[in-house]
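These notes concern the structure reproduced below.
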Amino acid sequence: DVKVTQSSRYLVKRTGEKVFLECVQDMDHENMFWYRQDPGLGLRLIYFSYDVKMKEKGDIPEGYSVSREKKERFSLILESASTNQTSMYLCASNRGDVAGGYTFGSGTRLTVV
Amino acid sequence: RKEVEQDPGPFNVPEGATVAFNCTYSNSASQSFFWYRQDCRKEPKLLMSVYSSGNEDGRFTAQLNRASQYISLLIRDSKLSDSATYLCVVNPMDSSYKLIFGSGTRLLVRP
């Protein structure tokens, strides 16, 4: 069964900490995405990557960075966590175009205290 | 104005009812359209694509109206298991792989 795996289901971090969210896909997909989902705001794109070592900013990149050293792994980094980054973080991937939609990971619920 | 707008609901319907959701999008050049389903505390999953000619999958029918820039999802003979949030999703023309998600419409099907 093909899947996108996020390393943590729940995380609690302190303000100012550096936080790493990991995502791994086993479908050999070219594209990977990080979204955050907040009530009433829907899913908002933070960063995406269309190839190894390539990345592009999404709609809300401030306070985040990403790393894609291998095709199957896409990491989201919160350089200095803040309380307004408390959210559900969803990783997704697709093969190269949107025709088949995205496959999502099960999400990481991050709470920054 | 949001790029993709949906009525948040909730739509509260009895089992067996027919229910319809609409979604409007702002970019007239948008290319591809989808409906995703998201269960509580779960990730979104692709329900169906929306084609210009319409698309039917069992009890679910999706329609696209490019002139009015809206997409619809019709669910016939609602089941308790249809209770979820339905996300309208659009691919803008400036990207072949980026999707814009609506905030979702919540459906509650009661016995």
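Heavy-atom basis, side chains included; hydrogens, waters and symmetry copies ignored.
Residues A:Leu43 and B:Leu87 are in side-chain contact: their nearest non-hydrogen atoms beyond the backbone lie under 4.5 Å apart. Taking the side chain as every heavy atom from C-beta outward, B:Phe101 and A:Leu90 never approach each other to under 4.5 Å. Between A:Met88 and B:Arg41, the closest side-chain pair of non-hydrogen atoms is not below 4.5 Å.
Residues B:Phe34 and B:Met48 are members of separate hydrophobic clusters, defined by side-chain heavy-atom contacts under 4.5 angstrom among Ile, Leu, Val, Met, Phe, Trp and Tyr. A:Val113 and A:Tyr10 fall into different hydrophobic clusters, where Ile, Leu, Val, Met, Phe, Trp and Tyr side chains are chained together by heavy-atom contacts under 4.5 Å. Under a hydrophobic-cluster definition in which Ile, Leu, Val, Met, Phe, Trp and Tyr are linked whenever side-chain heavy atoms come within less than 4.5 Å, directly or via other members, B:Ile71 and B:Val4 are assigned to the same cluster. One hydrophobic cluster, built from ILVMFWY side chains closer than 4.5 Å, holds both B:Phe60 and B:Val109. Residues B:Ile100 and A:Phe33 do not share a hydrophobic cluster, defined by chaining ILVMFWY side chains whose heavy atoms lie under 4.5 Å apart.
Neither the backbone nor the side chain of A:Asp38 has a heavy atom closer than 4.5 Å to any heavy atom of chain B. With a 4.5 Å cut-off on non-hydrogen atoms, B:Pro44 touches chain A through its backbone and its side chain both. For A:Arg44, no part sits under 4.5 Å from any heavy atom of chain B, backbone or side chain.
Taking CD from B:Gln38 and CZ from A:Phe104, the interatomic distance works out to 8.0 Å, rounded to the nearest 0.5 Å. Between atom CZ of residue A:Phe48 and atom CG of residue B:Leu99 there is a gap of 11.0 Å, rounded to the nearest 0.5 Å.
With ring centers used as reference points, A:Tyr102 lies 6.0 Å or more from B:Tyr36.
Counting non-hydrogen atoms of other residues, nucleotides and ligands closer than 6.0 Å to CD of B:Glu3 gives a total of 12 or fewer. No more than 12 heavy atoms of other residues, nucleotides or ligands shown are found within 6.0 angstrom of NZ on B:Lys45. The environment of CZ in B:Arg37 is crowded: more than 12 heavy-atom neighbours from other residues, nucleotides or ligands sit within 6.0 Å.
Of all heavy-atom pairs spanning A:Gly40 and B:Ser103, the tightest one is O-OG, 3.3 Å.
Counting heavy-atom pairs under 4.5 Å between each of A:Gly107, A:Ala92, A:Pro39, A:Gly105 and chain B puts A:Gly105 at the top.
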